[in-house]
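Proteins get letters first, then strands, A, B, ... in listed order; numbering begins at 1 in each.
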Protein chains: 2
Amino acid sequence: MDLTTQELRNCSIAATLSLVGEKWTILILRDVFHGIRRFDDFLERLQCSPAVLSARLKTLTEAGILRKVSYREPGERERFEYRPTRAAVELLPVVIGLMQWGDRHLAASGQGPVTLLTAQQGRRVRAALVDDADQLVRPNDIEICHASQRPAPAAEGEFPHAPATQA
Amino acid sequence: MDLTTQELRNCSIAATLSLVGEKWTILILRDVFHGIRRFDDFLERLQCSPAVLSARLKTLTEAGILRKVSYREPGERERFEYRPTRAAVELLPVVIGLMQWGDRHLAASGQGPVTLLTAQQGRRVRAALVDDADQLVRPNDIEICHASQRPAPAAEGEFPHAPATQA
DNA sequence: CAGTATCCCATATGATACTG
DNA sequence: CAGTATCATATGGGATACTG
């Protein structure tokens, strides 16, 4: 996405956006999670130009988010497919987070065209914040600590500077 | 971000990206969560042009993600600040998800310059996937259901088409 | 301080044609 | 099928000046 070196070093958000912040990138990942693997299938669903798709797949591959795999079906010539790596799966909270925000705030019905369910029990899946004991965390209970400094004083540590009243 | 009407209607990810997918938008939200409220303070931290900042703040405000609040300190003239709404807080899984991905994959040390801790117990906070009983969900246990169709057959429902081997 | 208005440019993108 | 190459365009963004 082209940000300054300063930003990239000082902020992991900016650094990640430099890889996945381009216009079509997240939508490519969405399609990968839907099982899309091949160039033309991406192309058809995304309706972007092949040049753009090619460039994005390259970036994602070089970043280790996708993996280009050669395969050959019996009697066919060699083909390639793009598979998600573990690094891709670790972006799921981002992708699903975007989806559920849109579901809640942009879809007329308050829910979107796609639902995620656990295979085992059929429970709805969502992105959320948890602590290292896997317990749900309320946004108001979070404080920001800068590694280079002492723990922030309470007044500063307030987070996310909660909206006093609702918009 | 300028996507087709088709995309916006069919995909909440695309719809949300049309609001927050622009270059500086997520970084503005990052700063809001750091407690930044005023135009010039954003400007200083972001080092983008005032025109761009103005445009993004407008978009975010119109989307209900920020709220423009007038206030007047004693003896001073009227000022404005931009506060996060609940809708902004609901984007935290996305923002924190981006951060933790960068921490893991782009920071040399495997952890970034900023850490999030629960105020109560000082536990690390992360973005994750949970079910509606607030239990952690493994990515392999998720299946995608399209609202307009019958539940996907097992072969299709596989998700996220897990990486067989690691990259 | 808190923006708006201009000007200009880099470049991401769309459209299309071409190749192994 | 799976891309690369080319070209025109649109526009997001940088720099800067200006205003209430």
Check your understanding: Donor-acceptor pair, Thr25(A) side chain versus Gly21(A) backbone, under 3.5 Å?
Key -> no

Re dT11(D): Watson-Crick or G-U wobble partner, both distances kept under 3.5 Å, found to be dA10(C)

**OP:** Check the pair Leu116(B) / Met99(B) against side-chain contact (heavy atoms from CB on, under 4.5 Å), numbers first and verdict last.
**Re:** CA-CA 10 Å; Leu116(B) 305 178; Met99(B) 184 180 96; 3.8 Å; yes

In whole angstroms, the gap separating P of dA10(D) from NZ of Lys23(A) amounts to 14 Å

Taking only the side-chain nitrogens and oxygens of Arg56(A), find out if one of them lies under 4.0 Å from OP1 or OP2 of dT13(C). yes

From CG of Leu17(B) across to P of dT13(C) the rounded distance in Å is 12 Å

Paired to dC18(C) by Watson-Crick or G-U wobble criteria (both distances under 3.5 Å) is dG3(D)

Whole-Å distance, Trp24(A) CH2 to dT11(C) C1', equals 17 Å

Between CG of Leu27(B) and P of dG12(D) the distance, given in whole Å, is 17 Å

Rounded to whole Å, CG of Leu3(A) lies from P of dT11(C) at a distance of 14 Å

Partner of Asp132(A) under side-chain hydrogen bond (donor to acceptor under 3.5 Å, both in side chains), picked from Arg126(B), Arg123(B), Gln121(B), is Arg123(B)

Show the distances under 3.5 angstrom between N or O atoms of the protein and N or O atoms of nucleotides 1-5 of chain D.
from, atom 1, to, atom 2, distance (Å)
dC1(D), OP2, Asp40(A), OD2, 3.3
dC1(D), O2, Arg77(A), NH2, 3.0
dA2(D), OP1, Arg38(A), NE, 3.0
dG3(D), OP1, Lys68(A), NZ, 3.0
dG3(D), OP1, Tyr82(A), OH, 3.3
dG3(D), OP2, Tyr82(A), OH, 3.2
dT4(D), OP2, Ser54(A), OG, 2.0

Met1(A) CE to dT13(C) C1', in whole Å, measures 15 Å

Leu46(B) atom CG is separated from dG12(D) atom C1', nearest whole Å, by 15 Å

- [ ] Specify whether His146(A) and His34(B) have parallel, tilted or perpendicular ring planes, treating 30° as the upper limit for parallel and 60° as the lower limit for perpendicular.
- [x] tilted

(message) Hydrogens and angles aside, do Asp131(A) and Gln135(A) bring a side-chain donor and acceptor to less than 3.5 Å of each other?
(response) no

The single option from Leu43(A), Asp41(A), Leu46(A) that satisfies side-chain contact (heavy atoms from CB on, under 4.5 Å) with Ile36(A) is Asp41(A)

Using a 4.5 Å side-chain heavy-atom cut-off and chaining through intermediate ILVMFWY residues, the residues clustered with Leu136(A) come out as Val130(A), Val130(B), Leu136(B)

note: Asp2(B), atom CG; dT11(C), atom P; distance rounded to Å ~ 20 Å

